[in-house]
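Letters A, B, ... are given to chains in the order of the sequence lines, protein chains preceding strands, and every chain is numbered from 1. Only this structure's heavy atoms are used, side chains among them; waters, hydrogens and symmetry mates stay out. Since we're looking at a predicted model, the values are computed, not measured.
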2 protein chains.
Amino acid sequence: MNQPRRSPCPVSCTLDLIGDRWTLLVIRDMMFFGKQRFEEFLESPEGISTNILANRLRLLEEAGLVKKQPYSNHSRRMNYQLTEKGESLRPVLKVITLWGLKHLPDTQTPDRPQSS
Amino acid sequence: MNQPRRSPCPVSCTLDLIGDRWTLLVIRDMMFFGKQRFEEFLESPEGISTNILANRLRLLEEAGLVKKQPYSNHSRRMNYQLTEKGESLRPVLKVITLWGLKHLPDTQTPDRPQSS
DNA sequence: CGGGATCCGTCTTGATACTG
DNA sequence: CAGTATCAAGACGGATCCCG
């Protein structure tokens, strides 16, 4: 998605991974709503399209934030789960959530927040 | 830049404001490096181009995160400063910085960090 | 000289249709 | 169900121009 920035800035490099319109929403769906399957991500109200979702899941896997596994031996169902590194983004999601709730009217806490 | 999402999710709505490749870098430059002028933002190593920078500054102003003022009465120099609302993003920048420093090799703390 | 606006070629994104 | 192919629309990078 994002080219490397030729800069050692931690903000810049982190944004190479999650600084786009969709990536953090996929992570939100995994982290707060426990979503794990392709179709579940498609159901979110923001309406990500299939090619973008496939692309972001692949980039997240390449970045080591998500691991992809077959649901079972005899199924093509795939399972996407956060790795430990992916889970480590929870404070980032949390502070973004809190900022939005405080400063943006018309936002509200998600229906099934599983945040710690 | 980002269309509204028709979703009350605070993550989603916050990303409408800062969920792109450049916006948080401009805010970083203001917040950590004290930059205030157009030309100073252009000097950052990521190399934002003039049209993109002008666009992001305008969007930030419209969002109430930045205020633009003439440097003095008899100069066209402009001054971009974070509003209180913009300053309130400091915890977001901070947690992103910390995540990058911890999880991304080859990142290092900025030269003149003014973060609290 | 500082702060943009405009134009243009390229790259990325995204909606939709389609496939195994 | 989980993607891939296609193709149009938009975002971006860079140069140039403009205006006070």
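Note on B/Arg56 versus B/Asp20: salt bridge recorded, some NZ/NE/NH1/NH2 to OD/OE distance being below 4.0 Å. B/Arg90 and B/Glu87 are joined by a salt bridge, as a carboxylate oxygen and a charged side-chain nitrogen come within less than 4.0 angstrom of each other. Between A/Glu46 and A/Arg28 there is a salt bridge, since at least one side-chain N of the basic residue sits less than 4.0 Å from a carboxylate O of the acidic one.
Counting to the nearest Å, the P atom of C/dG3 and the NZ atom of B/Lys68 are 10 Å from each other. Summarising the geometry, the separation between NZ on B/Lys35 and P on C/dG2 is reported as 15 Å, rounded to the nearest angstrom. Here the P atom of nucleotide D/dT4 and the CZ atom of A/Arg58 are 8 Å apart, to the nearest Å. In this entry the distance linking CD of B/Glu40 with C1' of C/dG3 reads 13 Å, nearest Å. Regarding B/Phe41, its CZ atom lies at a distance of 15 Å from the P atom of C/dG2, rounded to whole Å. Rounded to an integer number of Å, the gap from CD of B/Glu43 to C1' of C/dC1 is 14 Å. In this structure, A/Leu53 atom CG and C/dA15 atom C1' are separated by 14 Å, rounded to whole Å. The separation between A/Met78 atom CE and D/dG3 atom C1' is 10 Å, rounded to whole Å.
When each of C/dG3, D/dG3, C/dT13 is scored by its nearest atom to the side-chain atoms of A/Ala54, the top-ranked nucleotide is D/dG3. Closest contact between the side chain of A/Glu39 and the listed nucleotides D/dC1, C/dG3, D/dG3 involves D/dC1.
Under the 4.5 Å side-chain criterion, counting only non-hydrogen atoms from C-beta, A/Lys67 is not in contact with A/Glu61. A 4.5 Å side-chain heavy-atom check between A/Leu53 and A/Trp22 finds every atom pair outside the cut-off.
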Identify each atom pair where a protein N or O and an N or O of nucleotides 13-17 of chain D are less than 3.5 Å apart, giving names and distance.
from: D/dG13; atom 1: N7; to: B/Asn51; atom 2: ND2; distance (Å): 3.4
from: D/dG13; atom 1: O6; to: B/Asn51; atom 2: ND2; distance (Å): 3.4
from: D/dG14; atom 1: O6; to: B/Asn51; atom 2: ND2; distance (Å): 2.9

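For C/dG2, the OP1/OP2 oxygens have no side-chain nitrogen or oxygen of B/Arg37 closer than 4.0 Å. At the phosphate of C/dG3, neither OP1 nor OP2 sits under 4.0 Å from any side-chain N or O atom of B/Arg77. Regarding contacts with the backbone of D/dC1, every side-chain N or O of A/Tyr80 stays at 4.0 angstrom or more from both OP1 and OP2. Under 4.0 angstrom from either OP1 or OP2 of D/dC12 there lies at least one side-chain N or O belonging to B/Arg56.
The number of heavy atoms from other shown groups lying within 6.0 Å of CD (B/Glu84) does not exceed 12.
Checking A/Ile96, A/Asp106, A/Leu101, A/Leu104 one by one against B/Cys13, the side chain to side chain contact (heavy atoms under 4.5 Å, CB included) holds for a single residue, A/Leu104.
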